[in-house]
Amino acid sequence: MGQASVTLDLSNAIATQQLGEKLGRCLPAGTVLLLEGALGSGKTTLVQGLGAGLGILDSIDSPTFTLINEYLKGRVPLYHVDLYRLSPEETDALSLETYWQGEEVEPGILAIEWAERLRYLPENPIRVALTYDEKGGRQAEIWGIDEAQKAIILGE
């Protein structure tokens, strides 16, 4: 992955989902997305778009209680993790490195909500921070993408 970054204004949930769709079309297997943002900032909505961009037809819901949802029938698998209810110490027990190292699961995209709770991070993740803006919409800041991915995200 490169070192490009981009900041986008997202006027509503549809725009957030469309950003996820763009990411789903351009991210390769082995990508780890670290999703950060307050409750209701659009993390799950972004992952729903990601699934659509990967061609996943299953309904994508937040894995708040199951912790990890696996969607295996897309361009590449999508592994959706929600760490909201866990302490940093408890996240270690999930052994998420097996997903980003591709040791025990088919390589896919690992999307981790509440990623700031992780004590150990993979190499070269893509970070997505979702925040509310003063106009009532949202803003997405994305770090760790390459220039080609940035062009797709920006529609260039």
Side-chain angles (χ1 to χ4, degrees), residues 1-10 13-37 41-64 66-84 86 88 91-131 138-156:
M1 295 277 161
Q3 294 300 312
S5 64
V6 65
T7 300
L8 301 167
D9 290 321
L10 305 171
I14 293 170
T16 304
Q17 188 164 9
Q18 289 171 339
L19 172 59
E21 288 177 27
K22 289 177 183 180
L23 290 170
R25 288 192 295 270
C26 73
L27 296 178
T31 298
V32 178
L33 286 175
L34 304 178
L35 306 174
E36 303 169 4
S41 63
K43 295 179 296 295
T44 298
T45 300
L46 183 87
V47 176
Q48 290 167 340
L50 182 66
L54 290 169
I56 295 170
L57 301 177
D58 296 332
S59 175
I60 294 178
D61 301 309
S62 178
T64 301
T66 57
L67 302 179
I68 303 173
N69 287 340
E70 297 182 349
Y71 304 94
L72 305 177
K73 295 180 181 175
R75 177 177 62 81
V76 299
L78 172 61
Y79 306 106
H80 184 194
V81 179
D82 188 330
L83 303 178
Y84 178 70
L86 300 180
T91 66
D92 295 349
L94 294 178
S95 299
L96 293 177
E97 64 276 0
T98 61
Y99 288 92
W100 65 67
Q101 293 171 355
E103 295 173 350
E104 298 176 24
V105 297
E106 182 180 349
I109 295 175
L110 176 62
I112 305 172
E113 294 190 35
W114 299 96
E116 58 272 20
R117 296 177 188 219
L118 287 173
R119 294 194 314 167
Y120 305 103
L121 298 175
E123 290 185 34
N124 304 312
I126 293 175
R127 289 185 49 225
V128 180
L130 295 163
T131 56
R138 296 181 180 129
Q139 190 172 67
E141 294 182 69
I142 306 170
W143 300 271
I145 53 176
D146 63 31
E147 290 296 330
Q149 293 163 339
K150 180 178 179 178
I152 291 169
I153 291 167
L154 294 174
E156 298 175 351

Exercise: identify the closest heavy-atom pair between [X] and [Y]:
| X | Y | answer |
| --- | --- | --- |
| Ile126 | Gln149 | CD1-OE1, 4.4 Å |
| Asn69 | Asp61 | ND2-O, 3.2 Å |
| Trp114 | Gly37 | CH2-O, 3.5 Å |
| Leu35 | Glu116 | O-OE1, 4.0 Å |
| Leu50 | Ala111 | CD2-CB, 4.2 Å |
| Pro107 | Pro77 | O-CD, 3.3 Å |

What distance do [X] atom [atom1] and [Y] atom [atom2] have between them, rounded to the nearest 0.5 Å?
| X | Y | atom1 | atom2 | value |
| --- | --- | --- | --- | --- |
| Leu33 | Leu46 | CG | CG | 7.5 Å |
| Leu118 | Leu34 | CG | CG | 6.5 Å |
| Leu27 | Ile153 | CG | CD1 | 7.0 Å |
| Leu130 | Glu113 | CG | CD | 9.5 Å |
| Glu141 | Thr7 | CD | OG1 | 4.5 Å |
| His80 | Tyr71 | NE2 | OH | 7.0 Å |

Discussion item. Tell me whether Arg138 contacts the main-chain N or O of Ser41 through its side chain, where contact means a donor paired with an acceptor under 3.5 Å.
Written reply: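 It does hold such a pair.
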
Item to complete: Could you tell me whether a side-chain N or O of Gln48 sits under 3.5 Å from a main-chain N or O of Ile60, the two making a donor and an acceptor?
Response: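 Yes: the side chain of Gln48 pairs with the backbone of Ile60.
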
Worksheet item: Do the non-hydrogen side-chain atoms of Tyr79 and Glu106 ever get within less than 4.5 Å of each other?
Response: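 Yes. Closest side-chain heavy atoms under 4.5 Å.
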
Fill in: Sub-4.5 Å side-chain heavy-atom contact between Thr31 and Val76
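Side-chain contact under 4.5 Å: no.
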
Practice prompt. Apply side-chain contact (heavy atoms from CB on, under 4.5 Å) to Leu67 and Asp82, showing your working.
Written response: CA-CA 5 Å; Leu67 302 179; Asp82 188 330; 6.0 Å; no

Practice prompt. With sequence neighbours excluded, give me every salt bridge (Lys or Arg N to Asp or Glu O under 4.0 Å) pair touching residues 68-79.
Written response: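 Every candidate salt bridge (Lys or Arg N to Asp or Glu O under 4.0 Å) pair involving residues 68-79 fails, so no pair, neighbours aside, qualifies.
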
Discussion item. Just checking Ile14: does its CD1 atom have more than 12 heavy atoms from other residues, nucleotides or ligands closer to it than 6.0 angstrom?
Written reply: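 Open.
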
